[in-house]
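Numbers here simply count residues along the sequence, with the first being 1. Keep in mind it's a predicted model, so treat the numbers as computed, not measured.
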Amino acid sequence: MARRRIRASATWTVDRHKETVRLDVADDGALCGVRMLRWGNPDNHEFGRYPFIVAVEAERRFGGMTIASRIRASWDTGTGGDGEFFRAEITSADFF
């Protein structure tokens with residue numbers, strides 16, 4: 001059974017520029033992904049702010065804290081191409 005997802009958005013203004021981030025959260029509280037605008041030049045477009053997605057593929061518990069442990073980051077330019085450019089896996093974490 002697929003996890004149901006809840007979407008939460010936060011919007012704030014910095015120097016008259018509105019910023020919004022959207023979190024996709026499973027009904028059990030697990031973070032599934034993040035969507036926001038990010039500065040860059042995906043597919044060699046002109047530099048600017050483009051839709052950016054971080055997908056959370058796994059989470060792990062370290063030192064009593066559960067965190068996203070495997071992520072993929074990609075541009076969402078609407079071209080249908082794979083805009084993925086970053087993958088990471090966290091294998092240990094210390095909190096101070």
Side-chain angles (χ1 to χ4, degrees):
M1 177 190 244
R3 292 198 274 189
R4 191 175 60 120
R5 292 187 180 189
I6 301 161
R7 290 194 170 87
S9 295
T11 301
W12 60 95
T13 302
V14 177
D15 291 331
R16 294 179 297 223
H17 297 283
K18 190 178 278 190
E19 300 291 336
T20 299
V21 63
R22 188 185 87 199
L23 304 176
D24 292 325
V25 181
D27 58 358
D28 64 359
L31 181 63
C32 299
V34 177
R35 179 180 289 270
M36 57 192 256
L37 294 178
R38 181 178 187 268
W39 182 261
N41 67 331
D43 297 332
N44 293 316
H45 286 88
E46 180 178 327
F47 274 95
R49 296 174 57 72
Y50 293 91
F52 177 73
I53 302 167
V54 176
V56 177
E57 296 182 329
E59 58 182 21
R60 285 182 58 187
R61 196 161 178 81
F62 301 102
M65 300 282 290
T66 301
I67 62 172
S69 61
R70 192 169 62 236
I71 63 168
R72 290 180 297 113
S74 60
W75 297 109
D76 182 13
T77 59
T79 63
D82 183 11
E84 183 179 314
F85 66 90
F86 181 79
R87 290 183 186 191
E89 183 168 2
I90 298 168
T91 58
S92 67
D94 294 312
F95 302 96
F96 300 94

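Note that CD1 of I6 and CG of D27 are 6.0 Å apart. Values are rounded to the nearest 0.5 Å.
Legend: salt bridge (Lys or Arg N to Asp or Glu O under 4.0 Å) pairs involving residues 62-73, not counting sequence neighbours, sorted by first then second residue: E57-R70, E57-R72, R72-E84.
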Apply the test side chain to side chain contact (heavy atoms under 4.5 Å, CB included) to residues F95 and M65: give CA-CA distance (whole Å), side-chain angles for both, the deciding distance (0.1 Å), then the verdict.
-> CA-CA 9 Å; F95 302 96; M65 300 282 290; 3.8 Å; yes
Applying side chain to side chain contact (heavy atoms under 4.5 Å, CB included), run through M36 and V54 and close with a yes or a no.
-> CA-CA 9 Å; M36 57 192 256; V54 176; over 6 Å; no
So I53 and V34, side chain to side chain contact (heavy atoms under 4.5 Å, CB included) or not? Walk me through it.
-> CA-CA 6 Å; I53 302 167; V34 177; over 6 Å; no
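Residues forming a salt bridge (charged side-chain N to carboxylate O under 4.0 Å, His left out) with R7 (at least two apart in sequence, or on another chain): D24. With sequence neighbours left out, the side-chain contact (heavy atoms from CB on, under 4.5 Å) criterion links W12 to A10, V14, E19, V21.
Of all heavy-atom pairs spanning F86 and I71, the tightest one is CE2-CD1, 4.1 Å. Here the closest heavy-atom approach between residue T11 and residue K18 is recorded as CG2-CG, 3.3 Å. Across G40 and W75, no two heavy atoms sit closer than the pair CA-CH2, 3.8 Å.
Taking the six-membered ring for Trp and thresholds of 30 and 60 degrees, Y50 and H45 have ring planes inclined between 30 and 60 degrees apart.
Counting heavy atoms from C-beta on, the side chains of V56 and C32 never come closer than 4.5 Å. Two residues are said to be in side-chain contact when any heavy atoms from C-beta on lie closer than 4.5 Å; L37 and F52 fail this criterion.
Under 3.5 Å, the side chains of R61 and T66 contain a donor-acceptor pair of N or O atoms.
Side-chain atoms of D28 come within 3.5 Å of backbone atoms of A30 as a donor-acceptor pair (strictly under, hydrogens ignored).
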